[in-house]
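Structure, as structure tokens:
Within every chain, numbering begins at 1; the chains are lettered A, B, ... in the order of the sequence lines, protein sequences first and strands thereafter. Just so you know, these numbers use all the heavy atoms, side chains as well, and skip hydrogens, waters and symmetry mates.
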Amino acid sequence: MNKKAAIGESIQMVYRLVIVLIIAVVIMGNSALVYDFYINTRNSEAKILTQSILDCIVKDSKIDIDGFSNSFNYKNKVLEYCGIKNLDRFYVKLSFFSGNNNILILEQGDSGKLWTKTILENQKGSILKYTPGYYKSNYVYTGIYNGQEARISIEVEVLINEETK
Amino acid sequence: MNKKANLLHQILVQLILIALIFGLFYLSTMAKANSRVVKQQVLEKEIALLIDSAEPETNLYIYKLNINGYINKIILKNSSVSVYVDEYSLSKGYPFFTRYNVSISEDQDKFIIYIK
């Protein structure tokens, strides 16, 4: 092999190594983004909070709607009534139905937080780690309404925002 | 023959260098993935979810030596849980919302969280 060819091959080797280095840096950059490791547990928290609220307002598998309507001072403070902590993060709405009639609504929190969810739903990338936890479900119980036993269905909507601390 | 040997030598050197570069990046990525911050986040959120879903009269046993590293300290303060893993001394804590009273005690090899 002559001298010129040897120099040419050495230059080619440096060139290849630079390409490999660039590829490695790109992989490293991507993996660094992927491993900006954030576990979003807010959906699970929303389900747990739903169950916790139902455990609080349903006594012995029954709901006393009359009791709520007459003496319940917590219509906009259902979380406080249940003794839930860290209230700033939550929006909770419980709609009670007898047949198709909406007979009572209990809620607490800022319903404007639902906008955060709507806005972030259409986003991509790392901003998604701020997506609130959300859970909406229907439950049916036996209850006391207008002095009579009735089938009461409850629509529960829970939203959990990012932790502020 | 000499030319072939040279070529083989060059390819070998290149392969070793490439393997070294990727090895270094792989190690640094692994180090980040297994960092104490990640372990801390996993532990804090797991414990917060356990506390939130626990019924009254439940005791949670959290062993100091576990799959996520060695837990030096767990603090429950202002309804949030802070876990200090592998001598990492910073924690923002993760909030829990349970409606029951929560307290903690430290045993020799574990922490016990009481939900009452």
Do Val78(A) and Leu159(A) belong to the same hydrophobic cluster, where Ile, Leu, Val, Met, Phe, Trp and Tyr are linked whenever their side-chain heavy atoms lie under 4.5 Å apart, directly or via other members? no
Between Arg89(A) and Pro95(B) the two heavy atoms that sit nearest each other are NH1-CG, 3.5 Å
Closest non-hydrogen contact found for Ile39(A) with Gln41(B) is N-OE1, 2.7 Å
>> Is there a continuous path of hydrophobic side-chain contacts, each under 4.5 Å between heavy atoms, that joins Ile154(A) to Leu79(A)?
In response: yes
Spell out, yes or no, whether Ile115(B) and Ile104(B) are grouped together once hydrophobic residues are joined by side-chain heavy atoms under 4.5 Å, including indirect joins. yes
Lys59(A), NZ: over 12 other non-hydrogen atoms inside 6.0 angstrom = yes
Among residues 56-66 of chain B, those lying within the under-4.5 Å heavy-atom range of chain A are none
- prompt: Transitively linked via ILVMFWY side-chain contacts under 4.5 Å: Tyr81(A) with Ile65(A)?
  reply: yes
Grouping ILVMFWY residues whenever side-chain heavy atoms fall under 4.5 Å, the cluster of Ile75(B) otherwise contains Tyr84(B)
Between Asn86(A) (side chain only) and Phe96(B) (backbone N and O only), is there a donor and an acceptor less than 3.5 Å apart? yes
Bottom line for Glu55(B): the part with an atom under 4.5 Å from chain A's heavy atoms is side chain
So, the part of Val37(B) with a heavy atom under 4.5 Å from chain A: the answer is neither
With sequence neighbours left out, the residues meeting ring-ring contact (aromatic ring centres under 6.0 Å, His included) with Phe97(B) are Phe90(A)
So with a 6.0 Å cut-off around CD1 of Ile67(B), is the heavy-atom count from everything else above 12? no
Q) Going hydrophobic residue to hydrophobic residue with side-chain gaps under 4.5 angstrom, can you get from Val83(B) over to Val42(B)? A) no
Filtered by a 4.5 Å non-hydrogen cutoff, the part of residues 45-52 of chain A contacting chain B is Glu45(A), Ile48(A), Leu49(A), Ser52(A)
Q) Any sub-3.5 Å donor-acceptor pair from Lys45(B)'s side-chain atoms to Thr41(A)'s backbone N or O? A) no
Q. For Tyr100(B), does the OH atom sit with more than 12 other heavy atoms under 6.0 Å from it, leaving out its own atoms?
A. yes
